Asker: 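So that we are looking at the same thing, I have put the structure below in structure tokens.
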Amino acid sequence: MYHKEKSIQIKNSASALYNNLGVLRIAPRSLTYFTVVHANVVNMVSASWDGLNYSHRQLQSKEPNVATSTSLIMQAAFCALPSRDLLVVTSQKGIQMYESDGSTMVYWHALDTPDTPTDQAVFARGISAVGKSDSSGSILVFDVPSKGSNITLSDVLKGHKKSITDIASECSGSQDCIADLISADDGGNLCVWKSGEEFQRFNNIPGFDISCTSVKLWKGTAVAGYGTGQIRLYEAVTGILHAEVNAHARWIYSLDIAPFSGLLLSAAEDSLVRVWHLSIKPESLSVEVAHLHNECVTDTQICGAKFCDGDGYAFAVTGYDLSEIIRYSQS
Amino acid sequence: MSSRTLPLLFINLGGEMLYILDQRLRAQNIPADKAKKVMNDIISTMFNKNMDKLYDLMTMAFKYQVLLCPRPKDILLVSFNHMDAIKEFVKDIPCILTLVDETYQQLIQIYTNLSSGEFQLIRQTLLIFFQDMHIRVSIFLKDKVQNSNGRFVLPTSGPVPYGTQVPGLIRMFNCTGKEVSRLQFSNGGNYNTAIREGSFEIFGDRVTKLGTNMYSVSRPVETLMSGTSTNSAQHAKVNMAPNPLAKEELNLLARLMGGLEVQKPGNADNGFRVNLFATDEEEEEAFISRPDELSYGVIKIQATQDQQASAELAKIMGEFSESGDQSPIVSSKGDDLLAMMDGL
């Protein structure tokens with residue numbers, strides 16, 4: 001179903017972090033941007049679709065006006081907003097936002113670090129087009145104007161007791177500003193939020209003390225990957241379990257959905273990337289999962305996997321200690 | 001950041017450590033010659049040309065253990081394995097044993113209640129420390145747990161971690177929570193169900209072999225060929241290889257039973273002869289230097305050429321096989337005997 005394409009070499013190897021691959025497709029310029037985190041550096045590659053041009057850039061996690069920083073980056077991801085795209089980088093010290101090509105930092109938000117050291121690790125992790133979250137279990141919602149750097153923190157949502165691992169969002173309804181948000185934490189709990197004047201917590205899907213490391217929202221279905229290697233599909237607004245898959249033999253590190261085709265990508269520490277198909281059955285309002293394909297990246301613990309386009313025609317994979325982005329496309 | 005900092009860090013921290021040690025040795029009135037020996041030993045170890053090798057061995061071993069832990073929480077079991085070994089080293093010295101026990105208590109207190117997500121964060125932080133280290137360690141290469149490019153082998157087979165199911169099942173439910181269908185898919189590996197969980201108490205079976213002494217002298221004989229075996233699949237692989245000695249013994253038995261293969265005289269491969277000396281050369285020398293007056297008669301015992309006996313034996317063997325072959329054709333004598341024995 002898929003075959004391997006030429007890999008893209010990156011300057012550093014990927015660190016073992018959840019969802020450690022960012023992909024942004026720039027159709028007007030026939031380019032795709034990729035981001036891979038290595039300790040305190042984000043490696044960015046801009047790859048032309050003809051495979052002839054690659055340009056590299058590195059972004060460091062640092063506070064403005066501070067010469068050096070040893071802050072480790074937890075996640076880097078692209079946010080496709082209605083009017084612009086941003087690259088968001090979350091680290092131990094705070095949240096940075098850049099223009100999507102990484103050229104300029106447009107915003108910096110420092111996390112509240114307590115004066116006396118506590119047992120709790122302090123970091124920010126979990127990025128989606130609407131908000132970012134931190135280790136205390138709070139989701140920070142930022143208002144982003146269509147141009148410029150006048151970004152403001154507009155809301156702090158508290159709903160989790162454990163550190164948040166991932167957030168996902170989807171525009172629901174006919175109005176393009178209404179979004180559903182789903183957040184996942186280290187205890188496996190999922191919180192569903194609806195936006196409006198303010199964000200409101202709509203539903204809470206309890207976990208089983210197993211970390212949910214990656215979550216996606218598609219047509220009102222929450223798709224969640226867990227440390228037990230399971231994938232679960234829930235109806236977001238009601239919390240009804242549609243399907244449970246014993247998908248992987250180790251911790252799932254990344255999930256992605258190609259929204260136009262309903263293809264699901266899952267990747268784990270067990271060296272396997274699996275492609276599934278989700279379909280919604282209108283008569284029973286249930287969601288079905290079918291397994292389509294496996295790819296094994298030998299001797300590699302995979303930490304990031306993303307589709308490169310909305311149909312799922314191609315996908316890219318990163319692994320711990322690997323200095324390349326491996327690509328596959330449909331045969 | 002500078003890549004030239006580590007040697008300076010090492011030397012200066014080491015220097016400070018030596019000041020403190022020197023002060024402690026004097027404060028406790030340790031005899032001067034003994035104190036000097038201690039200091040000399042430590043200094044020669046610090047600047048030993050093999051220190052970097054020691055560091056490489058240590059780090060690659062722990063990287064291997066962290067990477068291969070089935071669950072992040074198993075890092076604690078690896079730590080307990082190390083602690084158990086340290087305790088064994090000092091088991092006869094009560095005051096040090098107390099210190100070790102106190103450390104156990106602290107480990108248990110701090111780590112046993114952490115969640116799986118917090119352990120995974122610890123593991124991810126450790127993996128950042130070990131990132132890009134691919135030094136080849138001969139014991140790992142021999143055991144085939146490391147490839148020649150320095151990367152560790154991550155098998156897609158074996159038991160799944162405790163708490164994980166073998167991949168392959170999709171279950172779908174209706175709105176009332178009732179399971180409505182089950183599908184199987186091919187998981188691309190060769191997994192089996194999890195083994196029991198190790199103990200997180202001060203005493204207990206840790207179950208995992210990660211963190212145990214891979215240089216240990218007391219290893220079972222079968223694993224000597226392959227070095228340490230932390231993997232039962234490895235054990236099985238060694239045991240299934242046919243024992244060459246057994247095969248040769250059966251070959252000899254086949255030859256003695258008579259005429260299963262025509263022996264060309266002078267064919268050194270098929271015959272054997274007894275040499276009472278250590279080497280052929282010694283035998284030759286002894287023959288040359290042997291005094292003439294000692295004569296001896298040579299009796300030739302033909303164990304193979306007795307046609308009547310071999311025909312008799314062949315007939316008996318023929319009765320054993322089902323198809324009643326009179327003279328079984330043998331390509332590899334040992335194998336056929338084995339096959340015959342199985343057929344009995």
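These numbers come from the heavy atoms of this one structure, side chains and all, not from hydrogens, waters or symmetry mates. Chain naming here is simple, since letters A, B, ... match the order of the sequence lines and numbering starts at 1 in each. All values reported here derive from a predicted model rather than from experimental measurement.
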Asker: Would you say that Q124(B) contacts Y320(A) through its side chain, given a criterion of any heavy-atom pair below 4.5 Å between the two side chains?
Answerer: no
Asker: Let me confirm one number: the CD-OG1 distance from Q165(B) to T228(A), rounded to the nearest 0.5 Å.
Answerer: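 One finds 8.5 Å between CD of Q165(B) and OG1 of T228(A).
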Asker: Give the C-alpha distance, both sets of side-chain angles, the deciding distance and a yes or no for side chain to side chain contact (heavy atoms under 4.5 Å, CB included) between M74(A) and L121(B).
Answerer: CA-CA 10 Å; M74(A) 305 301 293; L121(B) 191 63; 3.8 Å; yes
Asker: Using non-hydrogen atoms only, which part of L272(A) is less than 4.5 Å away from chain B: side chain, backbone, both, or neither?
Answerer: side chain
Asker: May I have the step-by-step check of side-chain hydrogen bond (donor to acceptor under 3.5 Å, both in side chains) for S15(A) and Q131(B), ending in yes or no?
Answerer: CA-CA 7 Å; S15(A) 290; Q131(B) 197 143 357; 3.0 Å; yes
Asker: Would you mind telling me which of E179(B), M133(B), H134(B) has the largest number of heavy-atom pairs within less than 4.5 Å of chain A?
Answerer: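 Winner by heavy-atom pair count: H134(B).
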Asker: Against chain B, label F208(A) side chain, backbone, both or neither, depending on which of its atoms sit under 4.5 Å from a heavy atom there.
Answerer: neither
Asker: For chain B, which candidate among G229(A), A39(A), A247(A), S323(A) shows the most heavy-atom pairs at distances under 4.5 Å?
Answerer: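 Going by pairs under 4.5 Å, I would pick A247(A).
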Asker: Which value, rounded to the nearest 0.5 Å, describes the distance between T125(B) atom OG1 and L17(A) atom CG?
Answerer: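 One finds 8.5 Å between OG1 of T125(B) and CG of L17(A).
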Asker: How about F185(B) and V245(A): do any of their side-chain heavy atoms sit closer than 4.5 Å?
Answerer: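 Yes, side chains in contact.
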Asker: Atom NE2 in H291(A), atom CD1 in I170(B): separation rounded to 0.5 Å?
Answerer: 7.5 Å
Asker: So what's closer than 4.5 Å to chain A heavy atoms on V180(B): side chain, backbone, both or neither?
Answerer: neither
Asker: Heavy-atom cut-off 4.5 Å, strictly under: side chain, backbone, both or neither for L127(B) against chain A?
Answerer: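 For L127(B), backbone and side chain are both near chain A.
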Asker: Looking at D185(A), L241(A), D270(A), which has the largest count of heavy-atom pairs under 4.5 Å with chain B?
Answerer: L241(A)
Asker: How close do Q301(A) and L67(B) get, counting heavy atoms only, and between which atoms?
Answerer: NE2-O, 2.9 Å
Asker: Show, in sequence, the C-alpha distance, side-chain angles and deciding distance for L72(A) and I128(B), and conclude whether the side chain to side chain contact (heavy atoms under 4.5 Å, CB included) test is met.
Answerer: CA-CA 9 Å; L72(A) 291 174; I128(B) 291 179; 4.0 Å; yes
Asker: Can a donor-acceptor pair be found, under 3.5 Å and without considering hydrogens, that links the side chain of R71(B) to the backbone of R250(A)?
Answerer: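 Not confirmed, R71(B) side chain does not pair with R250(A) backbone.
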Asker: Against chain B, label Y226(A) side chain, backbone, both or neither, depending on which of its atoms sit under 4.5 Å from a heavy atom there.
Answerer: neither
Asker: Is it true that, when you exclude Y111(B) itself, more than 12 heavy atoms of the residues, nucleotides or ligands shown sit nearer than 6.0 Å to its OH?
Answerer: no
Asker: Where on R151(B) is there a heavy atom nearer than 4.5 Å to chain A: the side chain, the backbone, both, or neither?
Answerer: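 R151(B) touches chain A through side-chain heavy atoms alone.
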Asker: Pick one of side chain, backbone, both or neither for I110(B), based on which atoms fall under 4.5 Å of a heavy atom in chain A.
Answerer: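 Neither part.
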Asker: Looking at A14(A), S211(A), A243(A), which one has more heavy-atom pairs under 4.5 Å with chain B than the rest?
Answerer: A243(A)
Asker: Please state whether the side chain, the backbone, both or neither of K63(B) comes within less than 4.5 Å of a heavy atom of chain A.
Answerer: side chain
Asker: side-chain hydrogen bond (donor to acceptor under 3.5 Å, both in side chains) between D132(B) and S13(A): does it pass, once the steps are laid out?
Answerer: CA-CA 7 Å; D132(B) 303 322; S13(A) 56; 2.5 Å; yes
Asker: Are more than 12 heavy atoms, taken from residues, nucleotides or ligands other than E201(B), located less than 6.0 Å from that residue's CD atom?
Answerer: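 Check fails, neighbour count at 12 or below.
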Asker: Looking at chain A, which one of V160(B), N147(B), T164(B), T156(B) has the largest number of heavy-atom pairs inside 4.5 Å, strictly under?
Answerer: T164(B)
Asker: Taking M172(B)'s backbone N and O only, do any of them form a donor-acceptor pair with E244(A)'s side chain (distance below 3.5 Å, no angle check)?
Answerer: no
Asker: Would the number of heavy atoms belonging to other residues, nucleotides or ligands and lying under 6.0 Å from CZ of F62(B) be above 12?
Answerer: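 Enclosed: over 12 neighbouring heavy atoms sit under 6.0 Å from CZ of F62(B).
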Asker: For the CG atom of D186(A) and the OG atom of S116(B), what is their distance to the nearest 0.5 Å?
Answerer: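 One finds 6.5 Å between CG of D186(A) and OG of S116(B).
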Asker: Check each atom of Y191(B) against the heavy atoms of chain A and say whether the ones under 4.5 Å are side chain, backbone, both or neither.
Answerer: side chain
Asker: So, does N294(A) use its side chain to make a donor-acceptor pair with the main chain of S186(B) at under 3.5 Å?
Answerer: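 Present.
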Asker: Start with the C-alpha gap between F173(B) and H242(A), add the side-chain angles, then the distance that decides, and say whether side chain to side chain contact (heavy atoms under 4.5 Å, CB included) holds.
Answerer: CA-CA 5 Å; F173(B) 307 89; H242(A) 283 305; over 6 Å; no
Asker: Counting heavy-atom pairs under 4.5 Å to chain B, which of E295(A), R274(A), E235(A), H248(A) comes out on top?
Answerer: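 Maximum pair count with chain B is reached by R274(A).
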Asker: Using non-hydrogen atoms only, which part of T300(A) is less than 4.5 Å away from chain B: side chain, backbone, both, or neither?
Answerer: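 When you check distances to chain B, only backbone atoms of T300(A) fall under 4.5 Å.
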Asker: Going through the distances and angles, do R123(B) and E269(A) end up as a salt bridge (Lys or Arg N to Asp or Glu O under 4.0 Å)?
Answerer: CA-CA 12 Å; R123(B) 184 170 171 275; E269(A) 288 178 342; 2.7 Å; yes
Asker: If you tally heavy-atom pairs under 4.5 Å against chain A, which of P167(B), P161(B), P70(B), P72(B) wins?
Answerer: P167(B)
